[in-house]
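Taking it in order: structure first as structure tokens, then the write-up.
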Amino acid sequence: DVKVTQSSRYLVKRTGEKVFLECVQDMDHENMFWYRQDPGLGLRLIYFSYDVKMKEKGDIPEGYSVSREKKERFSLILESASTNQTSMYLCASIPPVTGDNEQFFGPGTRLTVL
Amino acid sequence: ELKVEQNPLFLSMQEGKNYTIYCNYSTTSDRLYWYRQDPGKSLESLFVLLSNGAVKQEGRLMASLDTKARLSTLHITAAVHDLSATYFCAVVRDFGNEKLTFGTGTRLTIIP
């Protein structure tokens, strides 16, 4: 079974704090993604990574950075959290060589910034 | 820029009825995914449609893809309460990196 886990289900932080969201997959996946989900906007891509230490900006990277030091772990960093970053954050990854490149999602982290 | 539109955004239907959710996209792509999301939960993969004319069925759900019309449909047959969820379509826009563009979702409520 494909397994993508995220470090926290719920998180409450204060404005200005540095926030780390972690995503771990246990199946040697190469491509990993971070999305945020907001009502009426669907899922929007923040950053993705296609290999260790490789990353690319998605559609809404402002205010975020990422780190991928090991293949199984992809971290999303909010350098200085703001209230407009209150959202559901979803991590996804693609197993190697499946043919259809289906993305598998983690359980999500609901972040509230006060 | 690839845009993906779903309609309807909200759908309330009675058990036993049939209905269709539509997913239109604006630029060429030949791979489309359907996902289901229950409230407070993550996304669960339903279907992967890989080519023009592809049709897949699982239980009361059937998905199809028409790449010429840039349209995918998710058809629900004889709806049951367990199908209440939000359904998303997502289209591949970058085949090298597998970047997806998601629709805004259709919140489906099945009324007993």
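Proteins come first, then strands; the chains are lettered A, B, ... in the order of their sequence lines, and each starts at number 1. FYI, side chains are in, hydrogens and waters are out, and symmetry mates aren't considered; it's all heavy atoms of this structure.
Put simply, the side chain of A:Phe48 reaches to within 4.5 Å of the side chain of B:Lys99, judged on heavy atoms. Residues B:Leu100 and A:Phe33 are not in side-chain contact: their nearest non-hydrogen atoms beyond the backbone lie 4.5 Å or more apart.
Among all heavy-atom pairs drawn from A:Glu102 and B:Tyr35, the shortest one is CG-OH, 4.3 Å. The shortest non-hydrogen separation linking A:Gly40 to B:Thr104 is O-CG2, 3.5 Å. Considering all non-hydrogen atoms of both residues, B:Ser42 and A:Pro107 come closest at CB-CA, 3.6 Å.
Only the side chain of B:Gln37 comes within less than 4.5 Å of a heavy atom of chain A; its backbone N, CA, C and O stay farther away. With a 4.5 angstrom heavy-atom cutoff, A:Arg9 touches chain B only via side-chain atoms. Interface remark: A:Leu90 contributes side-chain atoms only to the contact with chain B (heavy atom separation under 4.5 Å).
Comparing A:Gly106, A:Gly108, A:Ala92 by how many heavy-atom pairs each has under 4.5 Å with chain B, the most go to A:Gly106.
In the hydrophobic cluster analysis, where Ile, Leu, Val, Met, Phe, Trp and Tyr join through side-chain heavy atoms closer than 4.5 angstrom, A:Leu76 is grouped together with A:Val113. By the rule that hydrophobic residues join a cluster once side-chain heavy atoms approach within less than 4.5 Å of another member, B:Tyr22 and B:Tyr19 end up as members of separate clusters. A continuous path of Ile, Leu, Val, Met, Phe, Trp and Tyr side chains, each step under 4.5 Å between heavy atoms, connects A:Val19 with A:Trp34, placing both in one hydrophobic cluster.
Heavy atoms from other residues, nucleotides or ligands lying under 6.0 Å from CE of B:Met62 number 12 at most. The number of heavy-atom neighbours closer than 6.0 Å to CZ of A:Arg110, taken from other residues, nucleotides and ligands shown, is 12 or below. Annotation for A:Arg44: atom CZ counts as buried by contact number, over 12 foreign heavy atoms lying within 6.0 Å. Environment of CD in B:Glu5: sparse, with no more than 12 heavy atoms of neighbouring residues, nucleotides or ligands closer than 6.0 Å.
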